[in-house]
Amino acid sequence: TLAEVIAKKAKKVAELKQHDAPEGGWTVETWLNYWLNNIVAIRTKRSTQYSYRDVVRLHIAPEFPNRLLVDLTAEHVQSWINRLIDKGLSGRTVQYCRTLLRMALKQAWAFGHVDRNVAAVAHISKSTASNIPEAWSFEQSKEFIKYMREERYFPLILTALYTGCRKGELLALKWENVDLENKKIYIRYTIRWDREADEWEFTSPKSKESNRVVNITDDVVEALKLQREKQEFEKAWVGNLWEGDKGETAGLVFATKTGQPIAQNNLTHRFNDLVEQSGLRRIRFHDLRHSSAALLRGAGLTEHELSKW
């Protein structure tokens with residue numbers, strides 16, 4: 001009966017309220033840790049888990065010391081957001097922090113620990129939200145390409161600009177998945193350093209649609225040919241120190257001078273340095289994905305061709 005269903009649900013909610021609850025009740029910090037260890041850990045990839053944990057550790061948990069979860073108000077959350085802005089965090093980072101807290105509180109509400117999600121009503125001003133780097137124009141992208149032509153990462157960054165591929169996808173790209181004759185690359189993996197296992201980890205791309213075939217321009221074909229020649233030279237130069245033919249990481253298109261995978265942080269730091277030195281407006285490496293369309297339009301592709309690109 002309906003009454004039995006309601007009673008059963010009420011009993012389940014009561015059980016969840018008590019489940020693993022620490023003495024004295026949940027604080028914001030203890031709940032965030034529970035959420036990370038018991039919810040996020042089983043629903044997301046390790047790289048996402050690391051990102052969430054870093055944000056919680058740096059920007060959320062320390063801001064609510066000993067605050068009981070049930071006592072957290074929208075005013076507390078709003079003050080926290082304002083503090084993050086005053087510290088100079090980017091609009092994107094502030095939004096990300098608020099999103100994580102909202103997700104954690106949504107789960108707390110679902111478990112019956114709070115009556116409402118107070119993070120959902122917190123406000124981020126339009127001026128803060130707009131403090132997010134945008135894509136480069138066609139002219140800016142071409143200027144950057146010209147500036148970094150002698151850079152070691154030139155073929156990698158050029159490929160990112162013209163294809164819109166993600167950083168991890170390009171760093172996991174292998175020569176066996178490159179077809180220069182037919183001007184295509186096949187995105188099959190993404191790569192990251194697994195801190196717990198102390199090894200490189202290849203995983204499937206971000207979504208099912210991300211496992212795809214990407215068309216490449218003549219400029220990218222020439223850049224990849226240059227990359228192959230440079231890699232053969234480096235392989236001969238280091239001799240027995242070359243590790244690019246060993247194990248799962250063998251055959252990477254973009255690698256270190258000894259054939260090992262390139263750490264994403266190293267690429268990010270170098271890209272940021274190049275952007276600053278070039279004098280162009282600052283964007284993140286990830287924003288090259290959005291600069292790609294403007295670059296391809298400027299190269300003469302129509303909207304119909306772009307839709308198939």
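Because the structure is a prediction, the values reported are computed rather than measured.
A donor-acceptor pair under 3.5 Å links the side-chain atoms of Thr30 to the main chain of Thr27, judged by distance alone. A donor-acceptor distance shorter than 3.5 angstrom exists from the side chain of Lys230 to the backbone of Arg152, with no hydrogens or angles considered. With Asp287 contributing its side chain and Arg284 its backbone, the two residues share a donor-acceptor pair below 3.5 Å. Judged by distance alone, the side chain of Trp242 and the main-chain N or O of Trp237 form no donor-acceptor pair under 3.5 Å. Gln49 places a side-chain N or O within 3.5 Å of a backbone atom of Thr44 that can act as its donor or acceptor partner. At least one donor-acceptor pair under 3.5 Å links the side chain of Gln227 to the backbone N or O of Val253. Checked by atom type and distance alone, the side chain of Glu169 never pairs as donor or acceptor with a backbone atom of Tyr189 at under 3.5 Å. Not one N or O on the side chain of Gln260 forms a donor-acceptor pair closer than 3.5 Å with the backbone of Glu243. Between the side chain of Trp136 and the backbone N or O of Arg281 there is at least one donor-acceptor pair closer than 3.5 Å. Proximity of a side-chain donor or acceptor of Asn117 to a complementary backbone N or O of Arg102 within less than 3.5 Å is detected.
A distance of 13.0 Å separates OH in Tyr153 from CG in Leu170, rounded to the nearest 0.5 Å. How far CD1 of Ile187 is from SG of Cys165: 4.0 Å, rounded to the nearest 0.5 Å. A distance of 10.0 Å separates CZ of Phe144 from OG of Ser291, quoted to the nearest 0.5 Å. In this structure, the separation between CG on Leu58 and OG1 on Thr93 is 11.0 Å, given to the nearest 0.5 Å. Once rounded to the nearest 0.5 Å, the distance linking CG of Leu171 with CG of Leu267 reads 5.5 Å. Residue Glu201 holds its CD atom at 12.5 Å from CG of Asp198, rounded to the nearest 0.5 Å.
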Show, in sequence, the C-alpha distance, side-chain angles and deciding distance for Leu72 and Val114, and conclude whether the side-chain contact (heavy atoms from CB on, under 4.5 Å) test is met. CA-CA 9 Å; Leu72 187 67; Val114 294; over 6 Å; no

Take Leu173 and Val178, measure what side-chain contact (heavy atoms from CB on, under 4.5 Å) needs, and give me the verdict at the end. CA-CA 8 Å; Leu173 184 64; Val178 174; 3.9 Å; yes

Residue pair Arg270, Leu274: steps toward the side-chain contact (heavy atoms from CB on, under 4.5 Å) verdict: CA-CA 6 Å; Arg270 183 55 186 156; Leu274 287 169; 3.5 Å; yes

List the steps, then state whether side-chain contact (heavy atoms from CB on, under 4.5 Å) holds for Thr217 with Thr163. CA-CA 9 Å; Thr217 64; Thr163 64; over 6 Å; no

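By the 4.5 Å heavy-atom criterion applied to side chains, Phe254 and Thr159 are counted as neighbours. Using a 4.5 Å heavy-atom cutoff, the side chains of His286 and Lys167 are not in contact. Inter-residue side-chain proximity for Ile145 and Tyr162 is flagged as met; some heavy-atom pair is nearer than 4.5 Å. Side-chain contact between Arg228 and Leu180: present, with at least one pair of heavy atoms (C-beta onward) separated by less than 4.5 Å. Annotation: side chain of His59 is not in contact with side chain of Lys87 (no heavy-atom distance under 4.5 Å). Side-chain contact check for Leu156 versus Leu158: every heavy-atom pair is 4.5 Å or farther apart. Residues Trp80 and Val77 are in side-chain contact: their nearest non-hydrogen atoms beyond the backbone lie under 4.5 Å apart. Between Trp109 and Asp115 the shortest side-chain heavy-atom distance does not fall below 4.5 Å.
Classification of the Phe285-Phe271 ring pair by plane angle, with boundaries at 30° and 60°, yields perpendicular. The aromatic rings of Trp31 and Trp26 sit perpendicular to each other, their planes meeting at more than 60°, with 30° as the lower class boundary.
No continuous path of hydrophobic side-chain contacts links Val238 to Ile262 [ILVMFWY only; heavy atoms under 4.5 Å]. There is a path of hydrophobic side-chain contacts, each under 4.5 Å, that joins Leu241 to Phe233. Tyr96 and Tyr50 fall into different hydrophobic clusters, defined by Ile, Leu, Val, Met, Phe, Trp and Tyr side-chain heavy atoms under 4.5 Å apart, directly or through other members.
Smallest separation of non-hydrogen atoms from Val40 and Leu36: CB-O, 3.6 Å. Taking both residues in full, the closest heavy atoms of Ser278 and Val275 are given as OG-O, 2.7 Å, listed atom of the first, atom of the second, then distance. The shortest heavy-atom contact between Glu234 and Thr256 is OE1-O, 4.1 Å. The heavy-atom pair separating Leu69 from Ala108 by the smallest distance is CD2-CB, 3.9 Å. The two residues Val70 and His113 make their nearest non-hydrogen contact at CG1-O, 3.4 Å. Considering every non-hydrogen atom in both Phe111 and Ile39, the closest pair reads CZ-CD1, 4.2 Å.
One finds no salt bridge joining Glu29 and Arg67 here, because no Lys/Arg side-chain nitrogen approaches an Asp/Glu carboxylate oxygen to under 4.0 Å. Classification of Lys146 and Glu143 as a salt-bridged pair fails, no side-chain N sitting under 4.0 Å from a carboxylate O. Remark: Arg282 does not engage Glu276 in a salt bridge, criterion side-chain N to carboxylate O under 4.0 Å. Under 4.0 Å is where a charged nitrogen must lie from a carboxylate oxygen, and between Arg83 and Asp86 no such pair does.
The closest side-chain donor-acceptor pair between Ser79 and His76, if any, does not fall under 3.5 angstrom. Between the side chains of Asn215 and Lys184, at least one donor-acceptor pair of N or O atoms lies under 3.5 Å. Checked by atom type, the side-chain pair Asn33/Arg53 shows no donor-acceptor distance below 3.5 Å. In this structure, a donor-acceptor pair under 3.5 Å is absent between the side chains of Glu199 and Trp193.
Under a cutoff of 6.0 Å and an axis angle of 45°, Lys174 and Tyr186 do not form a cation-pi pair. A cation-pi arrangement is not found for Arg192 relative to Trp200, the charged atom failing to lie both closer than 6.0 Å to the ring centre and inside a 45° cone about the ring normal.
Other residues, nucleotides and ligands contribute more than 12 heavy atoms inside 6.0 Å of the CG atom of Asp54.
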